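Quick notes on the structure that follows.
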Amino acid sequence: MSKTDNILSALEAMLFAAGDPVGVAKLAEVLELDIETVTKMLGHLSATYDERNSGLMLIKIDNKYQLCTREAYSDSVRKLLEIKKNAPLSNAAFEVLAIVAYNKTVTRSFIEQVRGVDCSGSIASLVQKGLIEEKGRLDLPGRPLIYGTTDRFLRCFSLNSLDDLPDLPKTEEVEKISGNDGQTSLFDDEKENENDNKSEEAEE
Amino acid sequence: MSKTDNILSALEAMLFAAGDPVGVAKLAEVLELDIETVTKMLGHLSATYDERNSGLMLIKIDNKYQLCTREAYSDSVRKLLEIKKNAPLSNAAFEVLAIVAYNKTVTRSFIEQVRGVDCSGSIASLVQKGLIEEKGRLDLPGRPLIYGTTDRFLRCFSLNSLDDLPDLPKTEEVEKISGNDGQTSLFDDEKENENDNKSEEAEE
Amino acid sequence: MSDLTYKLEVFEGPMDLLLHLISKHKLNINDIPIVELVNQYLDYVRQMEEADFDVAGDFLEMAARLIYIKTVSLLPKHEEAEKLKKELTGELIEYRDCKLMAEKLSKQTDGFGRFVREPQGGWVNYDYERFHEGEELLQAYVNAAGKAMRKLPPPIDSFKVIVAKKFVNVASKVRTVMRKLWSGKKVKFTSLFEGAQSKSDLVATFLAVLELAKTKRITIEGDMVNPEVQMVNNVNEAEIFNEVDTVE
């Protein structure tokens, strides 16, 4: 009996962590049991959820099994998730959003270069909140995704367009200074700008 | 009784759907109950998981609650999700974690000052593993990022909060002794114990 | 030798090495006999060098620091030495504590076997619904990029021109440049750019010259106005291309 219990608990743990539907064969393989036994066990598990009217239930789709919440509690679940979504943006998310907005379209690596840290979490959450979206891929090695802001972003910040963003402090001056760093004798002014860009790119 | 059961099941469903840790206040808000009642209910829920040795368990971290799988079944879960057996953290990573956890929030330069070596690699990997995260910026020139531990850190080290961290070594006592220049013999004894620890550690 | 390398690899940095020496030689951490410690430390660094171990700058920096403390402690008035020693002691104790705490942490990792699940998605609408001022964005941008924004790489817009055009590969330009130099004769620097078809072509050629100069395959001589370029003797063609390909 205790062995059966262990198997039921192992199945529960596996289905919980997997999230997605899992095939019986896969479960049987992990537990080193035959498919028939595992199917029977899954039936048991499902029955215990139903018996005690648990908040969870086991559903079967295409011979795959998945744990999910019981419909009776879907109102509570929905309410909770909606409270969660109303959490204000984190500092990190704000900075990522600002970098995307001021540069119009950027890659993840650009954002991370500016901030100096991994930003994948913030980017994913901003995409989920509908504030930024994928705008295609850059024609560079690895074909990195580029991100830009959405209409929802403009609405949340009461902007008509990205041109209405508050001006950045003296960026232009800084650029001018950094653009004049030597090498003037080799190429004429026109070529110089591109030179800067090129070397950045080549270093990547 | 059936009402209590319903609340327990609703809590179960909500925590399942949320995935992340959820504060009691939010759960109470959804259920339109007071926090005290909900806290009690969560205690019940946790007890029922333990009683039937379920594959799931309820943990409390930082006053928030989260459903997770029971350690006893971690092998099955790992096999199913094809996760390699925990690549244990490096010594460097543990040291960085210790510095961040005991100081609550720190900058990279603070960590590097304590360890005397560059720590950007360890920090990046701990961020990527979700054990530490950025918590804002310090109001100093350069606006350095500050890091703190995450909920995942608490969960992984079975802590309810940072207050539950193991005690710091008794530095004060060591200092007191060192103030007495005469008592070298006593001090030597003390030292020796510590030496033992040290060398064991260094040889690991 | 391998035993030594194994031991050396253990140290996380100079602080770690110092703690090890202090415990190994039973030195008093609260009153470090600095002369003894300096000798032990330098011995170790020397061994590292003999073992062909790449001695990191951190270790050498600490060596310099220890030697400095030793030097000032030889002065008749050595208040500064006391101060520096105290500083070092403080740091060592702090790092020792850090290691002890790290060890304690490393022993309670049961929780790593607890797995959680992703939030249930699908039918929940996560669209952001709060309102903010544009100024908040500006502030966030300045925080992220720094006030001067000096270190900012160029935004993607500035890549568009390049990306739209044919991208000239630096490695291919290395071949072109080397072909012009293959005779072994000195060649005018500017002549390397003859026949360039676009700006991008010019830039790639320039980068190719820099790369070749950096890897000491060519030499550049003469004044700023009219430099000349020459190939270094005995350069193997395949070798160059391999190298440049990996650089790219």
Side-chain angles (χ1 to χ4, degrees), chain B residues 16-20 57 59 66-71 74 77-78 81 86 88-89 91-92 94-95 97-99 101-102 113-118 137 142-143 152 154-159 165-166 168-169 171 174-175 177-178 181 184 187-188 191-192 194-199 201-204, chain C residues 6-7 10-31 56-59 61-62 89 91-121 124 140 142-147:
Chain B
F16 177 88
D20 302 323
M57 60 191 285
I59 54 171
Q66 185 175 31
L67 275 183
C68 66
T69 62
R70 206 171 282 276
E71 291 105 275
S74 61
V77 175
R78 246 187 229 117
L81 302 182
N86 271 351
L89 297 175
N91 284 342
F94 272 120
E95 289 180 19
L97 262 186
I99 296 167
Y102 279 92
Q113 204 183 318
V114 174
R115 298 197 57 237
V117 284
D118 180 274
R137 289 178 186 270
R143 315 260 315 139
R152 179 194 286 268
L154 294 175
R155 189 177 73 242
C156 287
F157 289 93
S158 316
L159 301 166
L165 281 169
L168 290 170
T171 327
V174 178
E175 269 170 17
I177 295 159
S178 74
D181 281 342
T184 26
F187 184 71
D188 279 350
K191 272 279 59 90
E192 223 153 303
E194 219 162 86
N195 282 345
D196 288 342
N197 286 339
K198 251 335 10 161
S199 45
E201 210 172 339
E203 273 156 27
E204 251 168 36
Chain C
Y6 168 69
K7 268 188 187 163
V10 163
F11 297 111
E12 296 282 348
M15 300 290 277
D16 203 11
L17 171 54
L18 282 179
L19 282 181
H20 171 79
L21 292 175
I22 286 169
S23 70
K24 189 177 153 204
H25 299 285
K26 304 208 153 70
L27 305 179
N28 181 351
I29 195 172
N30 290 288
D31 187 15
D58 301 317
F59 283 93
E61 204 184 317
M62 179 58 81
T89 305
E91 285 171 31
L92 282 171
I93 289 176
E94 196 170 28
Y95 184 59
R96 183 196 61 192
D97 288 354
C98 158
K99 284 191 68 105
L100 289 174
M101 296 176 312
E103 204 197 345
K104 284 185 182 179
L105 276 184
S106 70
K107 283 179 181 153
Q108 54 181 79
T109 54
D110 283 354
F112 279 89
R114 297 176 186 162
F115 293 87
V116 295
R117 62 191 299 283
E118 292 294 309
Q120 189 163 294
V124 179
V142 170
N143 278 345
K147 280 216 173 58

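Quantities reported herein were computed from a predicted structural model and do not represent experimental measurements. Every heavy atom of this structure was used, including side-chain atoms; hydrogens, water molecules and symmetry mates were not. A, B, ... follow the sequence lines: proteins, then strands. Residue 1 opens every chain.
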Side chain B/Glu71, main chain C/Gly113, donor-acceptor under 3.5 Å | no

Where do C/Gln108 and B/Pro166 come nearest, in terms of heavy atoms and distance?
-> OE1-CG, 3.8 Å

Heavy atoms only: give me the nearest B/Ala98-C/Cys98 pair and the separation to one decimal.
-> CB-O, 3.9 Å

Interface moiety of B/Leu67 toward chain C, non-hydrogen atoms closer than 4.5 Å = backbone

Side chains of B/Arg143 and C/Asn143: donor-acceptor distance under 3.5 Å anywhere?
-> yes

Over all atoms of both residues, closest heavy-atom pair of B/Val117 and C/Gly13 | CG1-CA, 3.5 Å

About how many Å separate CD of B/Glu95 and CD of C/Glu103, when rounded to the nearest 0.5 Å?
-> 10.5 Å

If you measure from CG on C/Asp97 to CD1 on B/Ile99, what distance do you get to the nearest 0.5 Å?
-> 10.5 Å

Any C/Leu105 side-chain heavy atom under 4.5 Å of B/Leu165 side chain | yes

Quick one: does B/Cys68's side chain get under 4.5 Å of C/Phe115's, heavy atoms only?
-> no

B/Arg115 portion near chain C, given a 4.5 angstrom heavy-atom threshold | both

Winner by heavy-atom pair count (cut-off under 4.5 Å) against chain C, out of B/Ala101, B/Cys156, B/Ala18, B/Gly19 = B/Cys156

Taking atom CD of B/Gln113 as the centre, does the number of heavy atoms from other residues, nucleotides or ligands within less than 6.0 Å exceed 12?
-> no

Quick one: are B/Asn91 and C/Ser106 in side-chain contact, heavy atoms under 4.5 Å?
-> no

Part of B/Leu154 within contact of chain C (heavy atom distance under 4.5 Å) | neither

With chain B, the option among C/Lys107, C/Arg117, C/Glu91 that has the most non-hydrogen atom pairs under 4.5 Å is C/Arg117

Portion of B/Tyr102 that has a non-hydrogen atom of chain C nearer than 4.5 angstrom | side chain

Do the side chains of B/Leu89 and C/Phe112 get nearer than 4.5 Å, heavy atoms only?
-> yes

Value for CE (B/Met57) from CZ (C/Arg114), rounded to nearest 0.5 Å, stands at 4.0 Å

Determine the minimum heavy-atom distance between C/Tyr95 and B/Val114, stating which atoms define it.
-> CD1-O, 3.4 Å

